[in-house]
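Report on the following structure.
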Amino acid sequence: MLLYRINNFNLKQIADSGQCFRMTALTDTVFQLIFKDHYLIAEQMDEDTIAFYCSEDEFHHIWSDYFDLQYDYASLIDALCSGQDTFLAEAAAYGKGIRILKQDPFEATISFIMSQNKNIPAIMKSIESLCILFGEKKYVSSTFDAIELPVFYYAFPTPKALADADPLLLKSTKAGYRADYIKKASQAVILSQINLEALRSLPSHEAVLTLKSLYGVGEKVANCIALFGLHKIDVFPVDVWIQRIIDEHYGSHFPLELYHSHAGIVQQYMFYYKRACS
DNA sequence: TTCCAGGCGGGGC
DNA sequence: GCCCCGCATGGA
């Protein structure tokens with residue numbers, strides 16, 4: 001176990017922010033998280049202290065980067081809270097513990113294809129079902145005082161597992177019409193028609209354009225993959241919630257140019273605040 | 001029960 | 001380019 005002091009980091013807000021679908025609450029303050037084939041339990045000890053139940057080595061090599069611990073969120077929040085935009089000031093103050101996770105690009109691709117036209121609880125169920133049916137079963141080796149760990153968990157499926165998936169079994173995850181999108185996107189990865197890792201080195205708009213070449217990936221899903229799977233924090237995904245905010249608070253035009261390099265983080269505060277308060 | 005959900009592809013203009 | 005429709009299915 002490793003105690004880490006950091007500001008602007010709230011596990012519950014991150015888990016509820018709709019950017020990842022495999023982080024769940026075990027208690028009010030304890031959360032479990034699966035990233036690729038890694039399993040983590042973390043606990044919010046107080047506002048500025050997190051307990052990571054893993055080795056120091058695993059923390060430094062995996063979770064420190066995954067949670068974006070190096071980025072200075074405080075400066076951004078201070079700027080938003082003291083700015084002219086009252087809606088954004090409220091949103092940033094409300095969601096000040098959110099961080100943009102550095103998720104796996106393939107996992108983000110499949111997860112956000114699955115997400116289309118579903119609500120967040122339904123997405124989480126479908127993703128978990130997908131992992132149980134097509135992911136590798138892993139066993140948890142560590143034990144911790146006072147926290148009861150599951151005996152095993154399922155890693156996110158590999159591209160090959162989903163490319164070869166039986167269509168009926170895939171549809172049993174409640175993927176519905178998205179099942180075909182998931183299978184074709186996975187096949188594109190297997191056949192090297194797209195190299196998701198290589199997109200990291202491209203400018204955001206080119207990465208988004210390439211992602212949209214996947215069948216079933218449109219503007220919104222491509223933006224989410226870029227933001228959460230490639231950590232392109234300048235992209236600004238517009239879903240029905242964000243569109244509603246823009247219509248209600250900005251006269252149907254959001255001044256994106258004011259936020260350029262970190263528009264994706266701003267978007268997350270807006271999304272989280274609007275959903276929590278509706 | 002009805003409406004809505006982190007939308008997309010396709011077809012008609 | 002824009003608009004509209006159908007799509008599967010669970011949550012609220």
Side-chain angles (χ1 to χ4, degrees), chain A residues 13-25 91 94-95 98-130 132-133 165-188 193-194 204 208-249 252-254 256 263-278:
Chain A
Q13 290 191 350
I14 294 169
D16 291 343
S17 70
Q19 59 175 307
C20 67
F21 306 107
R22 301 201 75 195
M23 182 171 177
T24 53
Y94 188 83
I98 295 173
R99 282 173 179 259
I100 305 295
L101 303 178
K102 295 186 183 176
Q103 300 183 60
D104 176 69
F106 179 69
E107 181 165 343
T109 299
I110 300 304
S111 296
F112 281 96
I113 287 174
M114 184 72 93
S115 80
Q116 60 184 261
N117 224 43
K118 278 179 179 287
N119 57 35
I120 289 173
I123 300 164
M124 295 178 79
K125 282 190 178 177
S126 286
I127 295 296
E128 202 51 33
S129 173
L130 195 71
I132 291 170
L133 288 174
D166 174 68
L168 280 180
L169 199 57
L170 193 51
K171 286 195 174 171
S172 75
T173 65
K174 309 305 178 186
Y177 64 90
R178 310 162 194 81
D180 200 35
Y181 300 164
I182 291 171
K183 186 154 177 141
K184 284 194 165 71
S186 301
Q187 287 170 340
Q193 290 165 352
I194 189 168
S204 296
V208 166
L209 208 58
T210 307
L211 287 165
K212 284 169 70 177
S213 71
L214 293 170
Y215 182 69
V217 175
E219 184 68 26
K220 189 270 169 184
V221 168
N223 274 271
C224 282
I225 299 167
L227 177 56
F228 303 123
L230 302 171
H231 204 68
K232 302 288 189 191
I233 59 170
D234 57 326
V235 304
F236 189 86
V238 178
D239 71 336
V240 294
W241 292 95
I242 295 293
Q243 189 58 55
R244 196 171 297 152
I245 294 168
I246 294 173
D247 291 341
E248 291 176 4
H249 297 272
S252 298
H253 177 74
F254 184 73
L256 244 193
I265 304 176
V266 170
Q267 187 269 11
Q268 244 341 77
Y269 295 141
M270 296 166 66
F271 178 79
Y272 179 76
Y273 182 56
K274 182 67 176 175
R275 254 179 30 90
C277 301
S278 293

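Below, chains carry the letters A, B, ... as their sequence lines are ordered, and counting in each starts from 1.
When the C1' atom of B:dG6 is taken as reference, atom CD1 of A:I246 falls 13 Å away, rounded to whole Å. As a whole-Å value, the separation of A:N119 CG from B:dC3 P is 17 Å. Regarding A:D180, its CG atom lies at a distance of 15 Å from the P atom of C:dC7, rounded to whole Å. Counting to the nearest Å, the P atom of B:dG9 and the CD atom of A:Q116 are 8 Å from each other. Remark: C1' of B:dG7 and CH2 of A:W241 are 15 Å apart, rounded to the nearest angstrom. One interatomic measurement links the two molecules: CD of A:E128 to P of C:dG10, which rounds to 17 Å at whole-angstrom precision. Across the protein-nucleic acid pair, A:K125 atom NZ and B:dA5 atom P stand 18 Å apart, rounded to whole Å. Straight-line distance from the CZ atom of A:R178 to the P atom of C:dG10: 10 Å, rounded to whole Å.
Judged by centroid separation below 5.5 Å and plane tilt below 30°, A:Y215 does not stack onto the base of B:dG9.
For the P atoms, the distance linking B:dG6 with C:dC5 amounts to 23 Å, nearest Å. Taking atom P in both C:dG10 and B:dG9, one finds a spacing of 23 Å when rounded to whole Å.
Among the protein residues, A:I225 comes within range of no part of the nucleic acid, since none of its heavy atoms lies under 4.0 Å from any strand. Across all strands shown, A:I120 has heavy atoms under 4.0 Å from sugar-phosphate atoms exclusively, and none from any base.
Using cut-offs of 30° and 60° for the angle between ring planes, the A:Y181 and A:Y215 rings count as perpendicular.
Nearest-nucleotide positions on DNA chain B for A:V217 and A:F228 put A:F228 closer to the 5' end.
Atom NZ of A:K171 is surrounded by 12 or fewer heavy atoms from other residues, nucleotides or ligands within 6.0 Å.
Salt bridge status for A:K274 with A:E248: present, with a side-chain N to carboxylate O gap under 4.0 Å.
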